[in-house]
Amino acid sequence: MPNVIKIVDIQPLRLFGIRHVGPYAEIGPVFEVLHRWQTTHLPAASQARVFGLYHDNPEVTPAAACRADAAFSVDDLAQPSDPVHAIDLPAGRYAVYRHQGAYAELPGAYAYLFYTWLPTSGHTLAPHTLCFEEYINMPGSVADADLLTDIYLPLKI
């Protein structure tokens, strides 16, 4: 696991998303529903940034109870409709790790961030915030080995 971690301060982001409850690895169909909604309701947002927001620690929360949101960025004027809801991601400081590879390998990247990098980084995990992923490219556009995912780990300022 390479140890290239960037520390960034992000501005608030307005997102539209659909909630998924269950194993994180099963969120794919929710992204498909979200994409269909996006192309029908906001076709100009086709170049929007795409995110996965993960609310629970799957090591302590039963997989069936894990909450996540499939989401994409929108401007402040857009309005959601069922089944899509608005999400305001607050400003904050994050450690950002770019993972290259299949989504099935992401748990290993999280383990590296939490158990190898964080304890020796001089940083502390921010309380009451969530980790999220930004998908730089999408399945079907590149081979799984070439998928790029930025993992955002919230840090205490």
Modelled atom types, side-chain donor and acceptor of E59 and Y110, under 3.5 Å: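 Side chains of E59 and Y110: no pair found under 3.5 Å.
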
Distance-only side-chain donor-acceptor flag, H99 / D150, under 3.5 Å: no

4.5 Å side-chain heavy-atom contact, P12 and P90: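 Not in contact.
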
L118 and L113, any side-chain heavy atoms less than 4.5 Å apart: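 Side chain of L113 against side chain of L118, heavy atoms only: no contact under 4.5 Å found.
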
Would you say [X]'s side chain and [Y]'s backbone share a donor-acceptor pair under 3.5 angstrom?
X	Y	answer
D75	L77	yes
D144	L147	no
R49	I136	no
H123	A126	no
D56	R67	yes

Summary of side chain to side chain donor-acceptor pair (under 3.5 Å) pairs that have at least one residue in residues 23-36, sequence neighbours excluded: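 Listed by first then second residue: nothing to list.
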
Aromatic ring proximity Y152/F51, centre distance under 6.0 Å: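 No.
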
Gap separating the [atom1] atom of [X] from the [atom2] atom of [Y], nearest 0.5 angstrom:
X	Y	atom1	atom2	result
Y94	T129	OH	OG1	6.0 Å
L125	K156	CG	NZ	10.5 Å
L148	E134	CG	CD	11.0 Å
R19	L34	CZ	CG	13.0 Å
C66	Y54	SG	OH	11.0 Å
D9	I157	CG	CD1	5.5 Å

How close do [X] and [Y] get, counting heavy atoms only, and between which atoms?
X	Y	result
A48	F72	CB-CD1, 3.8 Å
F114	C131	CZ-SG, 3.8 Å
L53	A71	CD1-CB, 3.8 Å
L155	A95	CD1-N, 3.6 Å
N137	Y103	O-OH, 3.8 Å

Among I87, D69, L42, side chain to side chain contact (heavy atoms under 4.5 Å, CB included) partner for F16: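 For F16, the side chain to side chain contact (heavy atoms under 4.5 Å, CB included) test succeeds with only one of I87, D69, L42, which is L42.
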
